[in-house]
Amino acid sequence: MNKRALVYLALASATLGGAYLYMQIQLAGKAVPTASEPHPDHHAQSRPSLTIKGGQLLTDAVRLQLPVGDSAHLLVFIDQDDTLVLDGANLQARLQSGQTNTVEFTPPGVGLYDLVIASTGLAVGQINVTQP
């Protein structure tokens, strides 16, 4: 191989290496979804969502107000299998780990209901049901 070809090859390698490093630096400060994390979808903005990892609530607690007879719809991501309980209504929803679970509860009547993770007793929100 001649010198000129080796120089061009070295310049091309350096350029590609620099571009790769530049992209790594640009992406370092941005969250990149991984296979173990939920992928946001178009329903995520219209429904309250909870994220529970390591037994801790990473999002704000949910506070919903509903007229009697309406259903509450939630998106719940959890890192271990568990159960979400609507305390005071004897309603439960199984939560599968590593995915976003869609949960629907229809409280039986007027009142204030707590949303609790069964295994830890972690309170993750409340649903206030009122007369229309």
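Quick caveat, the model's predicted, so the values are computed rather than measured.
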Q.
Less than 4.5 Å apart, side chain to side chain, heavy atoms only: is that true for Q96 and D81?
A. yes
(Q) Given 3.5 Å as the limit, does a donor-acceptor pair link the side chain of T59 with the main chain of T51, or not? (A) yes
Q: Decide yes or no on side chain to side chain donor-acceptor pair (under 3.5 Å) for S71 and E104, but give the supporting numbers first.
A: CA-CA 6 Å; S71 296; E104 179 181 348; 3.3 Å; yes
Q) Q65: what forms a side-chain hydrogen bond (donor to acceptor under 3.5 Å, both in side chains) with it, not counting sequence neighbours? A) none
Q. Out of curiosity, D79 CG to Q56 CD, how far, rounded to the nearest 0.5 Å?
A. 10.0 Å
Q: Report yes if some heavy atom in the side chain of V62 is under 4.5 Å from a heavy atom in the side chain of V124; otherwise report no.
A: no
Q) Any side-chain heavy atom of L74 sitting closer than 4.5 Å to one from L84? A) yes
(Q) To the closest 0.5 Å, what do you measure between OG (S49) and CG (D60)? (A) 10.0 Å
Q | For the student: nearest non-hydrogen atoms of V103 and A93, plus distance | A | CG1-CB, 3.7 Å
(Q) For R4, is there any backbone N or O sitting under 3.5 Å from a side-chain donor or acceptor partner on N2? (A) yes
(Q) I need the I78 CD1 to L50 CG distance, nearest 0.5 Å. (A) 9.5 Å
(Q) Between V116 and L64, is there shared hydrophobic-cluster membership here, with clusters defined by ILVMFWY side-chain heavy atoms closer than 4.5 Å? (A) no
Q | Close side-chain approach of T120 to I52, heavy-atom, < 4.5 Å | A | no
**Q.** Beyond-backbone contact of V68 with P132, side-chain heavy atoms, under 4.5 angstrom
**A.** yes
Q. Under 4.5 Å between any side-chain heavy atoms of L75 and T102, yes or no?
A. yes
(Q) I'd like to know if I117 and F105 are part of one continuous hydrophobic network [Ile/Leu/Val/Met/Phe/Trp/Tyr, side-chain heavy atoms within less than 4.5 Å]. (A) yes
Q: Find the distance between CG (L66) and OH (Y113) and round it off to the nearest 0.5 Å.
A: 10.5 Å
Q.
My understanding is that only one of L86, D70, L112, D114 makes a side chain to side chain contact (heavy atoms under 4.5 Å, CB included) with I127; could you say which?
A. L86
Q) Backbone N or O of V85 within a donor-acceptor pair of the D87 side chain at under 3.5 Å? A) no
Q) Ignoring hydrogens and geometry, is there a side-chain-to-backbone donor-acceptor pair from D82 to L95 under 3.5 Å? A) no
